[in-house]
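Just below is one structure, and these are the notes that go with it.
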Amino acid sequence: MPLRVPAPQSSSLRVPSELGAVSAARREVVAIVRDWDVPLAQETVETLELLAGEVIANAVVHTAKGCRVTVCWDGTRVRLEAEDEEAGPLPGGRSADGEDESGRGLRLVDSLALAWGCHPTVGGKAVWFEVGGRLSSEPRPHGAPRRPVIDHLTPG
């Protein structure tokens with residue numbers, strides 16, 4: 001009997017610009033993926049939840065308008081994209097000092113996601129990451145940073 005792989009799926013939700021909305025959005029992302037019956041290991045679901053919280057919190061904390069979160073399943077990977085409505089520089093992996101209370105989120109995304117990146121949108125920017133599937137056949141050396149995919153596309 002062949003392995004059943006759920007069909008590709010996509011769902012979006014709006015997250016208001018309230019820090020308290022981040023945990024509810026993170027839980028909603030996990031509920032969406034579970035409703036789709038996506039075959040992910042529990043550890044991968046936990047990683048999805050953690051990274052969703054990071055990118056959603058960044059969008060909520062750094063803008064006054066909240067964000068739109070889109071979750072997609074392509075049969076191999078789950079992709080989450082948090083799109084805000086505030087123009088500005090694309091986020092990068094800024095370094096956080098040992099005493100800093102923030103600045104580690106994208107480093108965490110970089111270390112745990114299979115892929116991640118950012119791109120400008122018509123009214124702002126979007127940060128995305130993917131979990132699930134398999135890592136490439138050539139693993140990254142321990143501690144070596146993964147460079148984000150930065151799409152410098154003209155919005156439109």
Side-chain angles (χ1 to χ4, degrees), residues 6-133 145-156:
Q9 302 279 344
S10 181
S11 184
S12 294
L13 60 133
R14 182 90 189 128
V15 181
S17 184
E18 300 166 10
L19 197 51
V22 174
S23 60
R26 191 178 62 223
R27 287 190 303 271
E28 180 67 20
V29 166
V30 170
I32 288 168
V33 171
R34 286 189 171 141
D35 284 348
W36 292 341
D37 199 25
V38 173
L40 294 177
Q42 181 59 33
E43 179 180 310
T44 304
V45 173
E46 291 166 4
T47 298
L48 170 65
E49 184 174 16
L50 174 68
L51 300 184
E54 292 296 331
V55 299
I56 294 168
N58 280 348
V60 167
V61 167
H62 298 293
T63 70
K65 299 178 182 175
C67 66
R68 178 176 190 78
V69 175
T70 303
V71 183
C72 301
W73 164 250
D74 68 2
T76 305
R77 293 181 177 191
V78 172
R79 179 181 175 117
L80 182 138
E81 183 168 290
E83 180 180 345
D84 67 43
E85 297 175 8
E86 189 163 308
L90 293 175
R94 86 167 175 90
S95 287
D97 293 331
E99 301 298 317
D100 289 348
E101 292 184 17
S102 65
R104 293 180 182 82
L106 289 180
R107 287 191 358 208
L108 188 61
V109 172
D110 181 63
S111 68
L112 297 176
L114 294 175
W116 77 279
C118 53
H119 59 88
T121 63
V122 173
K125 57 199 160 302
V127 175
W128 59 269
F129 68 85
E130 296 176 346
V131 297
R146 181 181 303 136
R147 297 172 74 64
V149 176
I150 300 177
D151 306 318
H152 294 286
L153 304 175
T154 304

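Both backbone and side-chain heavy atoms feed into the values below; hydrogens, waters and symmetry mates do not. Nothing fancy with the numbering, it's 1 onward along the sequence.
The distance from the OG atom of Ser10 to the CG atom of Asp74 is 11.0 Å, given to the nearest 0.5 Å. Taken from CG in Leu108 to CZ in Phe129, the straight-line distance is 10.0 Å, to the nearest 0.5 Å. Note: Trp116 CH2 to Ser111 OG = 11.0 Å, rounded to the nearest 0.5 Å. Between the OG1 atom in Thr76 and the CG atom in Leu114 there is a gap of 10.5 Å [rounded to 0.5 Å].
Residues Leu13 and Ser11 fail the side-chain proximity criterion, which asks for heavy atoms closer than 4.5 Å. Looking at Val109 and Val127, their side chains never come closer than 4.5 Å, going by heavy atoms from C-beta outward. At least one side-chain heavy atom of Asp84 sits under 4.5 Å from a side-chain heavy atom of Lys125. Between Trp36 and Val71, the closest side-chain pair of non-hydrogen atoms falls below 4.5 Å. Counting heavy atoms from C-beta on, the side chains of Thr44 and Val78 never come closer than 4.5 Å.
Taking every heavy atom of both residues into account, Gly132 and Leu40 meet most closely at CA-CD2, 3.9 Å. Taking all atoms of both residues into account, the shortest heavy-atom contact from Leu112 to Leu51 is CB-CD1, 4.0 Å. Looking at every heavy atom in both residues, Cys67 comes nearest to Val69 through SG-CG2, 3.9 Å. Closest heavy-atom contact between Gly105 and Glu54: CA-OE1, 3.2 Å. Closest approach of Val22 to Gly53, counting heavy atoms only: CG1-O, 3.7 Å. When all heavy atoms are compared, the tightest approach of Arg14 to Lys65 is NH2-O, 2.5 Å.
Taking the salt bridge (charged side-chain N to carboxylate O under 4.0 Å, His left out) definition, one finds that Glu83 meets it with nothing, sequence neighbours left out. In this structure, the salt bridge (charged side-chain N to carboxylate O under 4.0 Å, His left out) partners of Glu130, at least two apart in sequence or on a different chain, are Arg77, Arg79. Residues forming a salt bridge (charged side-chain N to carboxylate O under 4.0 Å, His left out) with Glu46 (at least two apart in sequence, or on another chain): none.
Between Arg34 and Glu49, no side-chain nitrogen of the basic residue sits less than 4.0 Å from a carboxylate oxygen of the acidic one, so the salt-bridge criterion is not met.
Within a 6.0 Å sphere centred on CD of Glu43, other residues, nucleotides and ligands contribute 12 heavy atoms or fewer.
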